[in-house]
Amino acid sequence: VTSDIRHPATESLLRKLVPQALGAVVRRFGDFSAAEDAVQEALLAAITQWPKEGVPDNPRAWLIQVARRRMTDHLRGELVRRRREAASMQQISPDEQVAPAADSADAADQDDTLILLFMCCHPALTSPSAIALTLRAAGGLTTAEIANAFLVPEATMAQRISRAKQRIKDSGVPFQIPTDHERAERLACVLHVLYLIFNEGYASSIGPDLQRSDLSNEAIRLTRSVHDLLPENPEVAGLLALMLLTDARRPARTGPDGGLIPLEEQDRTLWDRGAISEGVALISSTLSKGSVGPYQLQAAIAAVHDEAARAADTDWTQIMTLYGLLKRMSDNPMVALNCAVAAAMVYGPRAGLELLQELDGDQRLAGHYRLAAVRAHLHERAGDYQAAMTHYLAAAVRTTSVPERNYLSAQAARLAAKHK
Amino acid sequence: MKYILMMQFPLSDWKTKRIELWPPQDLKAHMEFLQRFNKELADAGEFVRTEGLGGPEQMKVVRAGKDGTPAVTDGPFAETKEVLAGYWIVDVGTPQRAYEIAARASAAPGPGGTPLNMPIEVRPVMMSSSGDDV
């Protein structure tokens, strides 16, 4: 065991332990903000004491114990303050206010990271709030880092996080492991937030915004810790596999000019083989157990892409089948759109274009650039360059993403130059 | 998702109804509203930035001359109907929320405390991310 706090192993140990300690203290005392302060103080104590005295045998228990002591001190102080303010007989007795001993047996300790995630990904929160709180409390990112990742002022992010905490407090939902029937629903919330964090990082890991890839790494790390705690849960494994299999392509997504390179044009030798084999192994063993869910299906689709040495080798029939299953499971027009793309690869662009017509009536997709982009691509493959150009341009004016707009405009320009 | 909310002041009203001509108590009420409104946005964790802009009297229109030097003319273009009086940038979860905020801004009190009902142009701020879903 190293005693150097700046040692990467110690740093990553603390990163892993802090959410567990926070979960333990929150579960015991309920007050999230005060618990966070107490854990911060414990962390500070660790940083000052461990280099001198060595890392304790059980660093996790050490952190929790110090944090609980701080928390107890805090509650005593609060009690004294309140007594002074309202010297009333209706006060609750100090015994009831003071927490149980720090060393009392704790069967559910392993679940503390989960409890924290269950709380941060609370159903009462909007996605931006849940994301911010999760990154702050469970991910251990500073408020400034999160603000920077989302390009908002630090004060705004601080406010978003403190409001999220207040909202959880107001909701009155106790900080404990959800009951069995709540659990699946709450876990789905957690996985969704982790998925959004990953996506936020992945979508922006092109061009000049490379620093946001931290968000993807953080999402993978957190999902991995949930998977460690719930190794038998197939959707947790599916989400982890999906992230690994998607993130593996990151090095090939950006050209030297910072532009977006679509999947079929990527240099596949740049893909991260280690991440791919881990993801493929994970999703293969998970799928063989039955009980298939949406994350597993998406991971399976990513695996089929990743296993093709060349774009032309892609097993589109299998991808189409998987999207077909996914479509039956989730009412998401994006899934239907991707299913049409796969069908076009199997049956030809005309078949794909016909499937797109069914999506024209879907309000959720109305005016979405992705529908126009897919239509443009299929028209091009069908040899109708005029229609392709029109739809590429229609897609380019509808996207809110600069790299996507540049890519789509370039497609239209390419066709214009070629078919004058 | 970030949106810019742009306050469009009708140029035809500028000469008679611009803010410098309001009675002091109306101006005060308006400013207090803005303060409250901005604080609400900040407290909601949605605030990114806001600025008020100088009026058309201070507006210059610049074009690059032949040699790249600035050719400067006074005021808005002749065909201009509305001038940008100020803007907010907010970071919100849904476009509907941006529209709600815009509606609140539009209802800012004007002369006599009557809501200004100023048109607020709402547009998404382009992102430098790929827009990809996984």
Side-chain angles (χ1 to χ4, degrees), chain A residues 125-129 131-132 150-153 155-164 195-196 198-209 212 216 239 242-243 245-247 253-254 258-260 262-263 295 298-299 301-302 332 334-335 338 369-370 373 399-405 407, chain B residues 1-8 31-53 84 86-106 108 119-134:
Chain A
L125 299 179
T126 61
S127 295
S129 302
I131 288 170
F150 289 88
L151 305 170
V152 298
T156 295
M157 192 50 79
Q159 200 53 41
R160 201 176 286 176
I161 292 168
S162 91
R163 253 174 77 101
Y195 173 84
L196 291 176
F198 176 81
N199 219 19
E200 189 74 37
Y202 182 74
S204 57
S205 61
I206 50 168
D209 270 352
R212 300 225 299 172
S216 305
L239 179 60
L242 172 62
M243 289 177 180
L245 291 165
T246 308
D247 200 53
R253 282 178 82 228
T254 315
L260 192 63
L263 187 57
Y295 290 121
Q298 290 175 79
I301 292 164
N332 180 343
M334 283 300 171
V335 172
N338 289 332
Y369 84 94
R370 202 79 166 267
T399 180
T400 52
S401 149
V402 173
E404 200 80 52
R405 184 189 62 192
Y407 172 79
Chain B
M1 182 77 215
K2 294 193 184 72
Y3 290 87
I4 186 164
L5 280 44
M6 295 182 284
M7 271 187 287
Q8 304 286 0
M31 288 306 173
E32 280 166 3
F33 166 85
L34 287 182
Q35 252 179 13
R36 239 181 5 254
F37 180 59
N38 291 336
K39 185 171 183 315
E40 272 174 36
L41 291 177
D43 288 347
E46 295 172 327
F47 179 84
V48 180
R49 196 180 176 94
T50 184
E51 301 290 351
L53 304 181
L84 185 63
Y87 68 87
W88 288 266
I89 296 177
V90 293
D91 187 16
V92 291
T94 61
Q96 285 68 33
R97 176 65 190 143
Y99 306 152
E100 275 171 36
I101 296 171
R104 293 258 291 120
S106 173
I120 308 285
E121 193 174 314
V122 180
R123 292 165 69 178
V125 175
M126 294 289 281
M127 300 178 292
S128 53
S129 57
S130 70
D132 263 19
D133 283 329
V134 169

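Keep in mind it's a predicted model, so treat the numbers as computed, not measured. Order of the sequence lines sets the chain letters (A, B, ...), proteins ahead of strands, with each chain counted from 1.
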Residues Met31(B), Phe33(B); criterion side chain to side chain contact (heavy atoms under 4.5 Å, CB included); working and verdict: CA-CA 5 Å; Met31(B) 288 306 173; Phe33(B) 166 85; over 6 Å; no
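- Listed in order of number, the residues of residues 87-95 of chain B that approach chain A to under 4.5 Å between heavy atoms are Asp91(B), Gly93(B).
- Partners of Val402(A) according to the side-chain contact (heavy atoms from CB on, under 4.5 Å) rule, which considers only residues two or more places apart in sequence or in another chain, are Arg405(A), Asn406(A), Met126(B).
- Atom CD1 of Ile4(B) is separated from atom CG of Leu84(B) by 7.5 Å, given to the nearest 0.5 angstrom.
- Within the 4.5 Å cutoff, the side chain of Arg160(A) has heavy atoms near those of the Thr156(A) side chain.
- Among residues two or more places apart in sequence or in another chain, the side-chain contact (heavy atoms from CB on, under 4.5 Å) test is passed with Ser162(A) by Gln159(A).
- Taking the side chain to side chain donor-acceptor pair (under 3.5 Å) definition, one finds that Thr400(A) meets it with nothing, sequence neighbours left out.
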